[in-house]
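These notes concern the structure reproduced below.
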Protein chains: 2
Amino acid sequence: MLSKKTKYGIKALVHLAKKDQRCPVQISTISSAENISQKFLETILLILKKNGILGSKKGKAGGYYLLKEPNHVSMADVMRILEGPIAMVPCVSLNFYEACSDCPDETICAVHNLMEEVRDSSLKIFNNKTLADFI
Amino acid sequence: MLSKKTKYGIKALVHLAKKDQRCPVQISTISSAENISQKFLETILLILKKNGILGSKKGKAGGYYLLKEPNHVSMADVMRILEGPIAMVPCVSLNFYEACSDCPDETICAVHNLMEEVRDSSLKIFNNKTLADFI
DNA sequence: CATTTAATCTACTATTCCGATAGGAATTAA
DNA sequence: TTAATTCCTATCGGAATAGTAGATTAAATG
C-alpha cells in the first residue's frame with residue numbers, strides 16, 4: 001500500500017509543477033486545493049525540501065517552490081524519499097540492500113527472483129515518469 | 001514492503017511444490033527447512049488452506065499438500081490471499097476497488113494514473129508466474 | 001480402546017508504523 | 001512592530017505485524 005504521505009507528496013508536487021513560475025506557493029493553498037490536512041502537509045513538504053526537491057521562503061508571501069524543472073523530477077526520486085525502497089524486499093533493493101537472515105542462497109530463492117522482476121518493471125516506470133508528465 | 005507472512009507463504013508453497021507427490025508434509029518439516037517460526041507458519045498454512053490452495057490431513061502422518069498442480073497456482077492468487085490487493089492504491093485495484101475520498105476526478109489524478117501503470121506491469125508478472133517456475 | 005501425533009482454534013502480547021495534531025520558534029514583508 | 005508563514009520537536013491513538021501460548025479436535029497405530 002502506498003502511504004498517504006507519498007500520495008499527498010506527489011499531489012503537492014504536481015500542484016507546484018503546474019505553476020511553472022518560481023513564485024512560492026503557500027502550504028495552505030496547496031492543502032485546500034488538494035484536500036490535504038495542512039499540518040500533515042507541512043511535514044511532507046519539509047521532507048521534500050530537506051531532500052533537495054523543493055525550496056522555500058519563510059515569512060509573509062513565503063511558500064514552497066520546485067528547485068528543478070518538472071521534467072527533471074522523476075517519480076523514482078519522489079518514491080524513494082517519501083516511501084522508501086521501491087523494491088518489495090530488501091534483498092532486491094538497489095539503494096537499500098539488506099540480506100535476508102533466513103535465506104541461505106539468494107540466487108535460488110523464489111521470493112528473491114520474483115521480486116527482482118517486479119522491481120525492474122516498477123523501476124522502469126518510476127524512472128521514466130516525471131512531474132512534467134502530469135501537467 | 002512485502003510482509004513476512006507472504007514471504008514465508010511463498011517459500012512454504014514452493015517447498016510443497018517440489019514434492020510433487022501428494023503425501024502430506026508436516027509444518028515442522030517445512031518450518032525447519034525454510035527457517036520459519038513454526039507457530040507463525042501454522043497460521044499461514046491455515047489461511048492458504050481456507051482459500052483453497054492447500055489441503056491438509058490431521059493426526060499421525062498428517063500435514064499439508066497442494067490441491068492443484070504447481071503450474072495452476074499463480075503468484076497473483078498467492079499475493080491476493082496473503083498480502084491483499086496488488087495495486088498500491090485502492091482506486092486502481094481490480095479486486096479491491098475503493099474510491100478516494102479526497103479525489104474529485106480519478107481520470108486526471110497523477111497518483112491514480114501512475115499507479116495504474118504500476119499495477120498493470122506487476123499484475124502481468126504475478127499472473128504469468130506460477131509455483132512451477134520455482135521448482 | 002488408549003496413546004501419540006499433528007492440525008485447528010482462540011486469545012493474547014509486544015513492537016512498530018501511520019496519520020495526524022499541538023504548540024511554539026524562527027524568519028520575512030509590510 | 002505586527003502579521004504571516006515556514007520550521008521544529010514532541011506527542012498520541014489506532015491499526016497492523018510478527019509472533020506466542022495453550023487448549024481442542026481428528027487420525028493413525030498398537
Side-chain angles (χ1 to χ4, degrees), chain A residues 1-12 16 23-32 34-67 81-85 88-90 96 100-102 111, chain B residues 1-12 16 23-51 53-67 81-85 88-90 96 100-102 111:
Chain A
M1 275 294 149
L2 193 75
S3 68
K4 302 223 167 182
K5 187 163 77 172
T6 305
K7 181 183 167 189
Y8 294 159
I10 293 173
K11 286 193 169 193
L16 288 172
C23 75
V25 179
Q26 293 157 23
I27 298 177
S28 60
T29 306
I30 303 174
S31 84
S32 62
E34 306 292 339
N35 294 311
I36 305 169
S37 147
Q38 177 166 344
K39 271 298 196 181
F40 193 21
L41 187 56
E42 273 185 28
T43 70
I44 297 168
L45 297 182
L46 207 49
I47 294 170
L48 290 169
K49 186 201 166 180
K50 287 181 178 164
N51 283 275
I53 305 289
L54 294 179
S56 69
K57 202 184 150 192
K58 280 186 175 182
K60 216 167 193 173
Y64 283 96
Y65 50 90
L66 280 178
L67 282 180
I81 290 169
L82 294 175
E83 192 75 9
M88 295 188 79
V89 280
F96 301 83
C100 297
S101 56
D102 55 309
V111 177
Chain B
M1 274 296 147
L2 193 77
S3 67
K4 303 222 167 183
K5 186 165 77 173
T6 306
K7 181 182 165 188
Y8 295 160
I10 293 173
K11 286 192 169 196
L16 288 171
C23 75
V25 179
Q26 294 159 23
I27 297 178
S28 59
T29 305
I30 303 175
S31 83
S32 62
E34 306 291 339
N35 294 311
I36 305 169
S37 145
Q38 177 164 346
K39 270 299 193 178
F40 193 20
L41 187 56
E42 276 184 23
T43 71
I44 297 169
L45 297 182
L46 207 49
I47 293 170
L48 289 170
K49 185 199 168 180
K50 286 181 177 162
N51 282 276
I53 305 289
L54 295 178
S56 69
K57 203 183 149 195
K58 278 188 177 182
K60 215 168 195 174
Y64 284 96
Y65 50 89
L66 280 178
L67 282 180
I81 291 169
L82 294 176
E83 193 74 10
M88 295 189 80
V89 281
F96 302 82
C100 297
S101 56
D102 55 309
V111 176

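To find a chain, count down the sequence lines: A is the first, B the second, and so on, and within it residues start at 1. Side chains are part of it too, since the values below use all heavy atoms of this structure and drop only hydrogens, waters and symmetry mates.
As rounded to whole Å, 17 Å separates atom P of C:dG19 from atom CG of A:N35. Between B:L2 atom CG and D:dT17 atom P the separation is 11 Å, expressed in whole Å. As rounded to whole Å, 12 Å separates atom P of D:dT20 from atom CD1 of B:I44. Regarding A:L48, its CG atom lies at a distance of 14 Å from the C1' atom of D:dT6, rounded to whole Å. When rounded to the nearest whole Å, the span between CG of B:L41 and P of D:dT20 equals 12 Å. Rounded to whole Å, atom C1' of D:dA4 lies 8 Å from atom CD of A:Q26. Going from atom CG of A:L45 over to atom P of D:dT6 covers 8 Å, rounded to whole Å. Look at NZ on B:K5: it is 10 Å from C1' on D:dA16, rounded to the nearest Å.
Within the structure, the side-chain hydrogen bond (donor to acceptor under 3.5 Å, both in side chains) test picks out the following pairs touching residues 49-59 of chain A (sequence neighbours left out): A:K49-A:S56.
Close to C:dG19, at under 4.0 Å from its OP1 or OP2, lies no side-chain N or O of A:Y8.
A 4.5 Å side-chain heavy-atom check between B:D102 and A:Y8 finds at least one atom pair inside the cut-off. Looking at B:K5 and B:I47, their side chains come closer than 4.5 Å, going by heavy atoms from C-beta outward.
In this structure, A:S32 contributes its side chain and A:S28 its backbone to a donor-acceptor pair below 3.5 Å. Remark: side-chain polar atoms of B:E83 are paired, donor with acceptor, to backbone N or O of B:S3 under 3.5 angstrom.
Residues A:Y64 and A:L16 come closest through the heavy atom pair O-CD2, 3.5 Å. Closest non-hydrogen pair, B:F40 versus B:K4, comes out as CE2-CB, 4.3 Å.
Nucleic acid contact class of A:I27 (heavy atoms, under 4.0 Å, all strands): sugar-phosphate only. A:K50 comes within 4.0 angstrom of sugar-phosphate atoms only, judged by non-hydrogen atoms across all strands, and of no base.
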Inset, instruction - Using a 4.0 Å heavy-atom cut-off, write out nucleotides 21-30 of chain C from 5' to 3' as B (base contacted by protein), S (sugar-phosphate only) or - (no contact). - result: BBBB--BBS-

